[in-house]
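These numbers were taken from a predicted model, which means no experiment stands behind them. Reminder, nothing fancy here: chain letters follow the sequence lines and each chain counts from 1.
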2 protein chains.
Amino acid sequence: MTEKQKRFVDFILRFREDNGYSPSIREIAAGLGLASTSTVKSMLDKLTAKGELSMISGKARSVTAPEPACSGVPVIGHIRAGSPVMAEENIEGYIPVREFLKNSSGGFFLVVDGYSMKDKGILPGDFVFIQPQKTISNGQIGAFRINGEVTLKTFRRTDDGVFLMPANEEFRPIPVLESDEFEVIGRYVMLLRLVEKGYDFRLA
Amino acid sequence: MTEKQKRFVDFILRFREDNGYSPSIREIAAGLGLASTSTVKSMLDKLTAKGELSMISGKARSVTAPEPACSGVPVIGHIRAGSPVMAEENIEGYIPVREFLKNSSGGFFLVVDGYSMKDKGILPGDFVFIQPQKTISNGQIGAFRINGEVTLKTFRRTDDGVFLMPANEEFRPIPVLESDEFEVIGRYVMLLRLVEKGYDFRLA
DNA sequence: TGTGCTATCGAACAAATGTACATTAGACCA
DNA sequence: TGGTCTAATGTACATTTGTTCGATAGCACA
């Protein structure tokens, strides 16, 4: 992509970011300092043919640019000695958090309370993503409600019965008795920890 | 908001989701089975006045609806005994992951390798979000490059010099000497752990 | 019954917008 | 010098689109 074509795509992305809708051809011309609409039109046609843009013929403000890869966050694994960290060869992939969370719809974050799952690296204040489900397999970590209390534990079924296992030797396994009110809330799928509290999230 | 008004907003949201740009007034009329454009127009004016929609007068396809709160993931904190988990009263807020990551642009995920930060709840395979910066304060956790190796440690400056501190008694502090090639890569801001490997991420 | 009120419709108009085409300007090269 | 190509221009036109206004139909209520 030439430098000029990139300016087109960038302008469209920024305009949509700022306004929430796409620019018209004349607005693109004005924004890029071009005097004629046909200049813009021919460039848009070219970029659409190359797949860099998409637009519907005849429809006003229908041009869109695919959001760049950085809508996902790059994952850097093993770093080759001597190369800059963010170099292309170090990028192993991207986590497309947007799609990731779209697929996980229905789930929710549970705020972790105590240290009972410390040895699994789950600490107070962590956000644990729970995928709701009614049952859970042996050995999986999940959120449970027992006698009104909600807790995050490992589910374990043995010959001696069912237990909710902490991951911290200072805590004791919780036996699940027939007489207990017990319910599986969901499966522990993901953990999110916000280290800097500057990254606040909007409260309802 | 009445049932009918809700249908308007929902239609606009879905249309934008499907097409990437907003519907025209006539497309809204067709989509909702209305015969006249003025019906739509008056409803849009009403919804805009109420703040449920936003549009620029005269500009084609400029109507947008604020994305509903569920574009973020609900956060559930302390759960009131007896109430269903996902009940409204238990939702403390939302993590708008989309905006969250937009603000963090420039950062990247580093894949954690060993157990040296175990006591901070950072385990192998975790994705650590690094916000690039050239310096770091005493006591903060960050990613560093020392003599070609990249490592995640707590930065500590004492009278005896600078050390990279592990969070695991089986590991030793790494002294940073004048003769070392040393560089701050960035600050540890967030941690993401994918428990289920079914949630794969697209490789480059 | 009749009187407002609201939602909807129908049609017409003006502005915004996409599209097509002939023309010009400049760069490059034989 | 002349030719060719590309980018850009200017203009005109057709379509899409937002806007306006009057008319109609249903509905609640006195």
Side-chain angles (χ1 to χ4, degrees), chain A residues 1-69 71, chain B residues 1-69 71:
Chain A
M1 201 159 33
T2 73
E3 194 57 39
K4 197 166 303 187
Q5 293 175 336
K6 213 149 136 170
R7 263 212 307 268
F8 269 77
V9 177
D10 284 347
F11 178 81
I12 291 167
L13 279 173
R14 187 147 19 96
F15 190 101
R16 283 181 59 89
E17 192 72 27
D18 293 342
N19 301 287
Y21 52 88
S22 298
S24 71
I25 286 188
R26 282 167 181 81
E27 283 166 343
I28 298 174
L32 296 180
L34 296 172
S36 173
T37 58
S38 7
T39 308
V40 177
K41 162 76 167 153
S42 63
M43 182 61 87
L44 291 189
D45 285 341
K46 193 179 299 180
L47 286 169
T48 302
K50 290 211 307 175
E52 308 281 356
L53 296 177
S54 101
M55 53 188 277
I56 308 294
S57 164
K59 295 213 178 279
R61 297 177 186 276
S62 67
V63 58
T64 58
E67 309 225 349
S71 76
Chain B
M1 200 162 32
T2 72
E3 195 58 39
K4 198 167 301 184
Q5 293 175 335
K6 213 149 136 169
R7 264 212 307 267
F8 269 76
V9 177
D10 284 347
F11 178 82
I12 291 167
L13 278 173
R14 189 150 16 99
F15 190 100
R16 283 181 60 88
E17 191 72 25
D18 292 344
N19 301 286
Y21 53 87
S22 297
S24 71
I25 286 188
R26 282 168 181 82
E27 283 165 343
I28 297 175
L32 296 179
L34 297 171
S36 173
T37 58
S38 20
T39 308
V40 177
K41 162 78 166 150
S42 63
M43 182 62 87
L44 292 190
D45 285 341
K46 192 178 299 180
L47 287 169
T48 302
K50 290 212 307 176
E52 307 280 356
L53 295 177
S54 101
M55 53 188 277
I56 309 293
S57 164
K59 296 215 178 273
R61 298 179 186 277
S62 66
V63 57
T64 58
E67 309 223 350
S71 76

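A side chain to side chain donor-acceptor pair (under 3.5 Å) check over residues 29-47 of chain A, counting only residues at least two apart or in different chains, returns the pairs S36(A)-S38(A), K41(A)-D45(A).
DNA chain D lies under 4.0 Å from at least one heavy atom of each of the following residues of residues 37-59 of chain A: T37(A), S38(A), T39(A), K46(A), G58(A), K59(A). Within residues 20-33 of chain B, the residues that have a heavy atom under 4.0 Å from DNA chain D are, in order of number, S24(B), I25(B), R26(B).
When all heavy atoms are compared, the tightest approach of F8(A) to I28(A) is CE2-CG2, 4.1 Å. Shortest non-hydrogen contact noted between P66(A) and L13(A) is O-CD2, 4.4 Å. Nearest heavy-atom pair, Y21(A) versus F15(A), reported as atom, atom and distance to 0.1 Å: O-CD2, 3.2 Å. Annotation for I12(B) and P23(B): closest pair CG1-CG, 4.2 Å, computed over non-hydrogen atoms.
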Show every donor-acceptor pair shorter than 3.5 Å between a side-chain atom in residues 56-64 of chain B and any protein atom, with sequence neighbours excluded, or say none if there are none.
unit_1, atom_1, unit_2, atom_2, d
K59(B), NZ, E27(A), OE2, 2.9
R61(B), NE, A60(A), O, 2.9
R61(B), NH1, S22(B), O, 3.0
R61(B), NH1, E27(B), OE1, 2.7
R61(B), NH2, E27(B), OE1, 3.3
R61(B), NH2, E27(B), OE2, 3.1
S62(B), OG, I56(B), N, 3.0
S62(B), OG, I56(B), O, 3.2
S62(B), OG, K59(B), O, 3.1
T64(B), OG1, S54(B), OG, 3.2

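Qualifying side chain to side chain donor-acceptor pair (under 3.5 Å) partners for K4(A), counting only residues two or more places apart in sequence or in other chains: none.
Atom CG of L47(B) and atom CE of M55(B) lie 10.0 Å apart (nearest 0.5 Å). L44(B) CG to Q5(B) CD: the interatomic distance, rounded to the nearest 0.5 Å, is 11.0 Å. Atom CD of residue E52(A) and atom NZ of residue K6(A) lie 10.5 Å apart, to the nearest 0.5 angstrom.
First and last contacting nucleotides of DNA chain D toward chain B (any atom under 4.0 angstrom from a heavy atom, 5' to 3' order): dT17(D) to dC21(D).
Using a 4.0 Å cut-off, some side-chain N or O of K4(B) falls inside it from OP1 or OP2 of dT8(C).
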